[in-house]
A.B. asks: 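One structure coming up, written as structure tokens, with questions to follow.
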Amino acid sequence: MNDKLKTEATDTLFNAILQLRSLEECYDFFEDLCTVNELQSMSQRFEVAAMLKSDQTYLAIAAKTGASTATISRVNRSLSYGNDGYDLVLARLEGKDKKDN
């Protein structure tokens, strides 16, 4: 974990996110917290990660998501050298909790 990211304020934010109980609550909270562009960027990066995990090409990902090759490359770097956050959540969404495998 990035030590620059770990602060009391970040802990408080993440604990607040963990309190959300429904998709509607997520929409309400994140619409208050983020700009539309920030939400769209995060959603796009997550979609890119899912497509990279399913072995889609950069060209196909760019065409479907509108993401730049720089964004796709950044997400790919996180998948390869990051903290496995994308992998954890994608596995859970598929019903295959990575920590159980």
Side-chain angles (χ1 to χ4, degrees):
M1 177 185 329
N2 185 337
D3 288 337
K4 292 179 183 178
L5 179 65
K6 182 138 179 68
T7 65
E8 187 176 332
T10 305
D11 286 352
T12 300
L13 172 63
F14 290 161
N15 280 316
I17 292 167
L18 291 170
Q19 301 308 305
L20 300 171
R21 295 185 179 146
S22 69
L23 195 56
E24 188 61 36
E25 287 182 2
C26 287
Y27 272 101
D28 291 344
F29 182 74
F30 280 96
E31 282 185 50
D32 286 348
L33 181 66
C34 302
T35 66
V36 170
N37 285 340
E38 289 168 336
L39 280 171
Q40 288 173 336
S41 292
M42 287 188 286
S43 299
Q44 182 186 65
R45 286 192 295 270
F46 192 70
E47 184 177 17
V48 166
M51 292 179 76
L52 284 167
K53 290 295 288 181
S54 66
D55 296 322
Q56 298 288 317
T57 65
Y58 275 36
L59 187 62
I61 294 168
K64 181 168 192 266
T65 66
S68 68
T69 56
T71 295
I72 298 167
S73 180
R74 186 177 336 120
V75 172
N76 194 40
R77 196 168 35 255
S78 291
L79 285 168
S80 297
Y81 304 108
N83 294 315
D84 296 328
Y86 282 125
D87 290 331
L88 174 71
V89 173
L90 289 167
R92 285 185 179 168
L93 286 172
E94 291 177 8
K96 299 181 255 178
D97 192 332
K98 186 177 177 199
K99 296 201 185 255
D100 291 340
N101 291 339

A.B. asks: So D87 and K53, do their side chains get closer than 4.5 Å, heavy atoms only?
C.D. replies: yes
A.B. asks: Check whether any side-chain N or O of E25 sits under 3.5 Å from a backbone N or O of R21 as a donor-acceptor pair, and report yes or no.
C.D. replies: yes
A.B. asks: Give the minimum heavy-atom separation between L90 and A50, together with the two atoms involved.
C.D. replies: CD2-CB, 3.8 Å
A.B. asks: Specify the closest pair of heavy atoms between A16 and F29, including all atoms of both residues, with the distance to one decimal.
C.D. replies: CB-CZ, 4.3 Å
A.B. asks: Hey, does R45 have a side-chain heavy atom less than 4.5 Å from the side chain of S78?
C.D. replies: no
A.B. asks: Begin with the C-alpha distance, continue with both residues' side-chain angles, and end with the deciding distance and a verdict on side chain to side chain contact (heavy atoms under 4.5 Å, CB included) for I61 and V75.
C.D. replies: CA-CA 12 Å; I61 294 168; V75 172; over 6 Å; no
A.B. asks: Calculate, to the nearest 0.5 Å, the distance between atoms CG and CD1 belonging to L79 and I72 respectively.
C.D. replies: 12.0 Å
A.B. asks: To the nearest 0.5 Å, how far apart are CG in L52 and OH in Y86?
C.D. replies: 9.5 Å
A.B. asks: Would a single hydrophobic cluster contain both Y27 and L13, if residues Ile, Leu, Val, Met, Phe, Trp and Tyr are joined by side-chain heavy-atom contacts under 4.5 Å?
C.D. replies: no
A.B. asks: Measuring from L59:CG to T69:OG1, what's the distance to the nearest 0.5 Å?
C.D. replies: 10.5 Å
A.B. asks: Using 0.5 Å steps for rounding, measure from the CG atom of D28 to the CD atom of E31.
C.D. replies: 6.5 Å
A.B. asks: Going from CD on Q44 to CG on N37, what distance comes out if it is rounded to the nearest 0.5 angstrom?
C.D. replies: 10.5 Å
A.B. asks: Is M42 linked to I17 within one hydrophobic cluster, defined over Ile, Leu, Val, Met, Phe, Trp and Tyr using a side-chain heavy-atom separation of less than 4.5 Å?
C.D. replies: yes
A.B. asks: How many angstroms lie between CG in N76 and CE in M51, if you round to the nearest 0.5 Å?
C.D. replies: 13.0 Å
A.B. asks: Is the closest side-chain heavy-atom distance between T71 and T65 below 4.5 Å?
C.D. replies: no
A.B. asks: May I ask whether L20 and L33 are part of the same hydrophobic cluster, defined by side-chain heavy atoms of I, L, V, M, F, W, Y residues being less than 4.5 angstrom apart, directly or through others?
C.D. replies: yes
A.B. asks: May I ask whether F14 and V89 are part of the same hydrophobic cluster, defined by side-chain heavy atoms of I, L, V, M, F, W, Y residues being less than 4.5 angstrom apart, directly or through others?
C.D. replies: no
